[in-house]
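Just so you know, residue 1 is the first one in the sequence shown, and it goes up from there. In listed order, ligands and their atoms are each counted from 1.
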Amino acid sequence: MKHIQIEEKAFCTGCGACTNTCPKHCISFEEDAEGFSYPKVDESLCVECGKCIAVCPVQKEKPADLPLDNIKVFACVNKDKKVLKESSSGGIFTLLAEKIIKKGGVVYGSAFDNQWNVCHVGVDTLEGLEKFRGSKYVQSQMGDSYSQAKAFLEQGRPVLFSGTPCQIAGFNRFLGKEYPHLVTCDFICTGVPNPKAFRAYREHYAKRWKEPITGIAFRDKQYGWDSFSMVIRGKTKQYRKVRFFDPFIQAFYSHLLLRPACYHCQFKKYNSGSDIKLADYWYVKRVHPEIYHRDGVSLVMMGTAKGQALFDSVAPEMEKVESSMKNVFQTNASFETIVKEPPSRKEYLHTICHTDSTEDIVHCIKKLAKQPLKNQLVAKLRFYKQQLFARK
Ligand SMILES: Cc1cc2nc3c(=O)[nH]c(=O)nc-3n(C[C@H](O)[C@H](O)[C@H](O)COP(=O)(O)OP(=O)(O)OC[C@H]3O[C@@H](n4cnc5c(N)ncnc54)[C@H](O)[C@@H]3O)c2cc1C
């Protein structure tokens, strides 16, 4: 068989390099019972050229890590208070993206479509960047974004392409060569949650309220960055829960909802080939208290000279403090640690794979994400302490 065939789901990240590469356009993505999408080949059209196999970033040897000693690390905060508030951490992604748009370029990132599904799109206006702000804790569907971005690069237009480390690794393999006007940006990633589970979660509220969803924020900062909230808005109703108490965020944090490949991630540390890597600078108060901001601080790592040049060009528009790789290891476990499947995932899989009932899926997530009473009390105390001592 000379085309891609997913026998072991644990190794397909769903990056979309195969679909975007196929010269016959005969590979589509289909959602499985669990809710993640995998490539499916229309064999009547396939000419067995083998390009889809060659381009797959996880069928090859695991890529080598960048030598970490050479990586520059900063703690940064965007000076634009509105953008900072709307972003997940320190709002640095928007700063990088604005620069590319002002140079006549195109920025690719993850946005909600009009059905509240999460997918990759390209944007070439400053106003358009708003839709990228904020982490969406759902796997983003790549569609033909790789092919679109390549077409712009071939025309000589600057492109900033953002995504998870596996999406950036897929994009680099799809391109197969260096483009001087391309900058890629990924982030430290725990893993990507299930689109079917989130569909059920939001539909649960739409049904209960009998009105359509009008807004979703996974990282609302009304109570600050440390105590971000999940917010779902209807026309007249609103759901808001601080992260410690929202079942979907808790299920994400307990690693219940992730794509099978996330439990075998090949793109930890720094081997995605991205030019810049972003993250939340959790625990920044301990290592660089002088830059702590209630609305968030970004951890920024420069993988290449191109990344460094883009970062330097926007440096006047941010507060920044130089940090170190040692601090990255000490404050952000997801940088190197691959998450493990929790034992409760068996029960979760049994439900999600066997029903499309919104209520059954939400009931299962709520049940499995429920924390023991002691943890709930600790979370409550942590929240009240954060609110009491919130400064700046
Ligand atoms: C699924 C997921 C897991 C993450 N895990 C961690 C973690 O373990 N540790 C950590 O420190 N940081 C993690 N992050 C990254 C972090 O939350 C911020 O996105 C990052 O610090 C950039 O923040 P910002 O304020 O600069 O910009 P923001 O404006 O908040 O960032 C938006 C950027 O994230 C991209 N994005 C948003 N949702 C998705 C998605 N579903 N798929 C692909 N790209 C997306 C947008 O395209 C844009 O490039 C995760 C993000 C996501 C989406």
Could you tell me which atoms of ligand 1, counted from 1 in the order shown, lie closer than 4.0 angstrom to a heavy atom of Ser298? 26 (O)

Looking only at protein heavy atoms, which one is nearest to atom 38 (N) of ligand 1, and how far off is it? Lys136 N, 3.0 Å

What do you reckon, does Gln167 put a non-hydrogen atom under 4.0 Å from ligand 1? yes

How close do His3 and Glu43 get, counting heavy atoms only, and between which atoms? NE2-OE2, 3.1 Å

For ligand 1, is there an N or O atom under 3.5 Å from any N or O atom of Gly134? yes

The criterion is salt bridge (charged side-chain N to carboxylate O under 4.0 Å, His left out); which residues satisfy it with Arg345, sequence neighbours excluded? Glu34, Glu341

For atom 1 (C) of ligand 1, state which one of Ser135, Ser334, Gly191 supplies the nearest heavy atom. Gly191

Looking only at distance, does Trp282 have an N or O less than 3.5 Å from an N or O of ligand 1? no

Short N or O distance, Ala279 and ligand 1, threshold 3.5 Å exclusive: yes

Should Ile365 and Ile249 be regarded as members of a common hydrophobic cluster, given that ILVMFWY residues are connected when their side-chain heavy atoms come within less than 4.5 Å of each other, either directly or indirectly? yes

Note the single closest protein heavy atom to atom 45 (C) of ligand 1, along with its residue, its atom name and the distance in Å. Ser110 CB, 3.4 Å

Using 30° and 60° as the class limits, which term best fits the ring planes of Tyr223 and Phe383: parallel, tilted or perpendicular? perpendicular

Per-atom contacts, ligand 1 versus Ser140 - under 4.0 Å to a heavy atom: 42 (N)

When you group the ILVMFWY residues by side-chain heavy-atom contacts below 4.5 Å and let the links chain together, are Met230 and Trp209 in the same group? yes

How about Cys15 and Phe174: do any of their side-chain heavy atoms sit closer than 4.5 Å? no

Would Lys306 and Glu178 pass as an ion pair if we require N to O under 4.0 Å? yes

Mind listing the closest non-hydrogen atom pair of Ile53 and Lys2 along with its distance? CD1-C, 3.6 Å

If you scan protein heavy atoms around atom 46 (C) of ligand 1, the nearest is Phe132 O, 3.6 Å

For Arg133, take its heavy atoms, then give the atoms of ligand 1 lying under 4.0 Å from any of them. 29 (O)

Which residue owns the protein heavy atom closest to atom 6 (C) of ligand 1, what's the atom, and how far is it? Ile188 O, 2.8 Å

Glu86 heavy atom under 4.0 Å from ligand 1: no

Could you walk me through whether Phe161 and His120 pass the ring pair (Phe, Tyr, Trp, His ring centres under 6.0 Å) test, one step at a time? CA-CA 10 Å; Phe161 201 100; His120 258 64; 5.8 Å; yes

Going by the atom numbers of ligand 1, which of them fall below 4.0 Å from some non-hydrogen atom of Arg219? 17 (O)

If hydrogens are left out, which of Val192, Thr337, Thr190, Val107 has an atom nearest to atom 8 (O) of ligand 1, that is, the closest non-hydrogen atom? Thr190

For atom 22 (C) of ligand 1, the protein heavy atom that lies nearest, with its residue and separation: Ser89 OG, 3.7 Å

Mind checking whether Leu278 and Ile71 sit in one hydrophobic cluster, side chains of I, L, V, M, F, W, Y counted as touching below 4.5 Å? no

Pair Glu86 + Arg133: basic N to acidic O under 4.0 Å: yes

If you measure from atom 53 (C) of ligand 1 to every heavy atom of Phe187, Trp225, Phe252, which option wins on shortest distance? Phe187

Is any NZ, NE, NH1 or NH2 atom of the basic residue among Lys285 and Asp226 found under 4.0 Å from an Asp or Glu carboxylate oxygen of the other? no

Got the closest protein heavy atom to atom 30 (O) of ligand 1, with its distance? Ser88 N, 2.6 Å

So how far is it from Ile27 CD1 to Cys52 SG, rounded to the nearest 0.5 Å? 4.0 Å

For Ser162, the ligand 1 atoms whose distance to one of its heavy atoms is below 4.0 Å: 47 (O), 49 (O)

Atom indices of ligand 1 within 4.0 angstrom of Ile92 heavy atoms, with elements: 26 (O)

Over 60° means perpendicular and under 30° means parallel, so classify the ring planes of Phe132 and Phe93, tilted if in between. perpendicular

For ligand 1, which atoms have a heavy atom of Asp280 less than 4.0 angstrom away? 10 (C), 11 (O), 12 (N), 16 (C), 17 (O), 21 (O)

For Phe93, the ligand 1 atoms with a heavy-atom partner under 4.0 Å come out as 26 (O), 27 (O), 48 (C), 49 (O)

Ligand 1 versus Val138, non-hydrogen atoms closer than 4.0 Å: side chain, backbone, both, neither? backbone

